[in-house]
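First comes the structure, then the notes that go with it.
Residue numbering restarts at 1 for every chain, and letters A, B, ... go by the order of the sequence lines. Remember, predicted model here, so these are calculated numbers, not experimental data.
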There are 2 protein chains.
Amino acid sequence: MTTFTVSHRHKSREALFTCTDKVGTGATTHLAGAAISKRSTIIDVAGLAGVSIKTVSRALNDAPHVNADTRRRVKEAAAALDYHPNIAAQSLIARRSYLLGLTYERPSPSYVVELQNGALARLENSRYRLVVLPFRDVANRPEELGSLLLRAGLDGVILAPPACDQHELLSMLDRQKLPYARITPHHEMDRGIVTAMDEVEAGRAIATHLLELGHRRIGIVMGDPSHAASAARMEGYRLAFADFDAEPIDDLVVSGDFTYDVGYSAAAELLSNSPRPTAILAQNDDMAVAAMAAVRDAGLSVPGDVSVAGFDNSEVSRTTWPQLTTVRQPVNEMAWDAVDRLIATLDANDSQREAPPLRGDHPYELIVRASTAPPL
Amino acid sequence: MTTFTVSHRHKSREALFTCTDKVGTGATTHLAGAAISKRSTIIDVAGLAGVSIKTVSRALNDAPHVNADTRRRVKEAAAALDYHPNIAAQSLIARRSYLLGLTYERPSPSYVVELQNGALARLENSRYRLVVLPFRDVANRPEELGSLLLRAGLDGVILAPPACDQHELLSMLDRQKLPYARITPHHEMDRGIVTAMDEVEAGRAIATHLLELGHRRIGIVMGDPSHAASAARMEGYRLAFADFDAEPIDDLVVSGDFTYDVGYSAAAELLSNSPRPTAILAQNDDMAVAAMAAVRDAGLSVPGDVSVAGFDNSEVSRTTWPQLTTVRQPVNEMAWDAVDRLIATLDANDSQREAPPLRGDHPYELIVRASTAPPL
DNA sequence: TTGTAAGCGTTATCAT
DNA sequence: ATGATAACGCTTACAA
């Protein structure tokens, strides 16, 4: 794993971070900035259209009881003035910011992006916007995240693991009545909107796959213990072993944290056992890919000498070679669903409509690819 | 590349998307919702502390001319009431939403996450929040993105490629005086704040590396043509070839779009040439990893039979095996810098302070790893 | 159908 | 050092 790093710069260019000051050219136009130049307000539109501001409001919001001709005149005036309603003023009166927060903690990029894309997909063509609020080490400072969320002026928040399972955080949000949707496998603790996949059964499915292939000396790389999924998946593995009248070998269960680097060390440690494991089951794809690298760096092949299986069906599981056997976690759909139900809740509050069901379950999917094979 | 997909669900659980309605239990508390329950306001705090609202405002904002004891009392009252200022009201009066937008177009997850992390790193401990606004196919509908941005109530926006180079979009933003920071290699078009890396020289560096190893039949997989970087990197390749009194072989230059799938097909096409290329130079890491898969699926090895080089130093370049030779693009730093300069511009507008320099350059870095070697 | 006036929760202006 | 009062830009009563 040696890496050579060479830093180059073309001589004819400025030094690092050199800043060429171009102020004074036409390029500066935008600097006038929104803060200085007064954007036109509803009053300007009213003046130009020759009506009252209330009529402008009605006309622009397509409210009833407005003369068709008046409405047209108002809309023309608004267009002529490049009028855009002031969102802050609207939020102030509506007691709504139309802002949803998404909180997550440094998991793999593909997880974050899927999460985000799922949430954004639901938000498309809605008034809501998405504010991203990553937060490190929630387990040790839940109240800090709480006050961050409370001060962010959100209408609601999506909590991904592991923040979703922090009692203290949830209590803060409850106390301040900030609605939230949790993406969590923790079936026991029923608080707020919950969207989940059955992690236990998913874990059981992937372990069963290895057992069916004939593996018994299976090395297991655990995920971050602060994520409920880690224990749930392990529980699933145990159920699978039990189905085969066997159980995980203690020496072959090592801790990890869902990252590639730690996954690599963990896998290397597993491979140092003798006899060595015939398969490695990692609790996510990043660590599984690291395990594949460790196997090869040990002069062995995948799946010839050692089978490797992951979890998540993240992008890397498809782009690695050989492609990885894994379990698909429908992160995208779960995020979509969480947002959907959160918005339904907010709307229900407004219009006295019925609140949506609090729980949604999503199916996992075992995906068998080329990284697993029967043991020699 | 065969894939078996098996869908499982444990029999004892509800059907897909089953929703267990738990409304009515204690879990419903949060449903009271922010919209209904009145959060405490500055007036409540003033009442409890026995002072005027103005004093509360001063005390809480750490403004001068407040008795130390009064300040303490006010802060205690605020804490006792779980008081959090209403951001909408603050925004209304400050004519600031404290919202920055980040626009990007479906590039690889690692790029998005790096971009976002860089921006968020700068935003930490600032009042600003980040709204993510991905947008597909900007090239064909710049005005739609423009109106989306304009209606989002942003104080400023970060434009990643390829939106950063859409004249029409920039003109709309200029017209409405919405400040923006562009992350773009387009040195020619000087509009607004620009943060960039020298793509031409970076391209030259990686191509030079292959040429120095002795490769001449180099297959090139281009990036998405709507990104200015694609042409810039190619220009760099040409300069490098010229340095070696050579030039790219037309038949060995194929189009791509920065995605794995298209990268795979493109690489497969390159390998069908005879004599086949001794190296493949992809314009990003995702396509380079795809090329490695294509090489292996053709029964060849990397770098034994074919060397492969990428671009970006994205996470996948480190987690693939063998690790990929690439060029580091400081996406994180560029995003940080873009936000930094954007905020400085906004603050300058407010306080009549001097506007920041409009341009910032960032260094690339050639990273030689195990995927490249001399030709046989 | 349209307009007037009263707020929404802050911060800024001027007093005191 | 502190406070009454007026903005900020909009929507919602309530009149007309």
Nearest-Å distance for atom pair CG/P, residues B/L81 and C/dG9: 14 Å
Rounded distance in Å - CG (B/D69) to P (D/dA1): 13 Å
Under-4.0 Å side-chain N/O to phosphate OP1/OP2 contact, B/S57 with C/dA12: no
N or O in side chain of A/T55 less than 4.0 angstrom from C/dG3 OP1/OP2: yes
Salt bridge (Lys or Arg N to Asp or Glu O under 4.0 Å) evaluation trace for A/R122 with A/D337: CA-CA 8 Å; A/R122 175 59 184 81; A/D337 187 32; over 6 Å; no
Contact under 4.0 Å: A/T41 side-chain N or O vs D/dG9 OP1/OP2: no
Check: B/Y98 main-chain N/O paired with B/R127 side-chain donor or acceptor under 3.5 Å: no
Gap between atoms CG and P, on A/N86 and C/dT10 respectively (whole Å): 16 Å
Touch class at under 4.0 angstrom, heavy-atom based, for A/I53 against every strand present: base
Euclidean distance, atom CZ of residue B/R71 to atom P of D/dT2 [Å, nearest integer]: 9 Å
Note, A/I183 side chain near A/L115 side chain (heavy atom, < 4.5 Å): yes
Euclidean distance, atom NE2 of residue B/H65 to atom P of D/dG3 [Å, nearest integer]: 15 Å
Distance below 4.0 Å between A/N61 side-chain N/O and D/dT11 OP1 or OP2: yes
Candidate nucleotides C/dG3, D/dT2, D/dC10, ranked by approach to the side chain of B/V66 - the nearest: D/dT2
N or O in side chain of B/Q90 less than 4.0 angstrom from C/dT11 OP1/OP2: yes
Phosphate contact (C/dT4 OP1 or OP2) by A/S52 side-chain N/O below 4.0 Å: no
side-chain N/O B/R95 vs D/dG9 OP1/OP2, d < 4.0 Å: yes
Any donor-acceptor pair under 3.5 Å from A/S97 side chain to A/G153 backbone: yes
Any A/P85 side-chain heavy atom under 4.5 Å of A/I42 side chain: no
Exercise: do A/S171 and A/R191 side chains pair donor with acceptor under 3.5 Å: yes
Atom pair distance, as rounded to whole Å: CD1 in A/I43 and P in D/dA7: 11 Å
Protein-nucleotide distance (B/I42, atom CD1; D/dT5, atom C1'), rounded to Å: 14 Å
hbond_proxy B/K54 side chain to D/dA4 base (donor-acceptor, 3.5 Å cutoff): no
C/dT10 OP1/OP2 closer than 4.0 Å to side-chain N/O of B/Y83: yes
Atom-to-atom span, CG of A/L92 to P of C/dA6 - whole angstrom: 18 Å
Sugar-phosphate, base or nothing in reach of B/S91, heavy atoms under 4.0 Å: nothing
Nearest-nucleotide 5' precedence on DNA chain D, B/I93 against B/N67: B/N67
Polar side-chain contact B/R58-D/dG3 base: donor and acceptor under 3.5 Å: yes
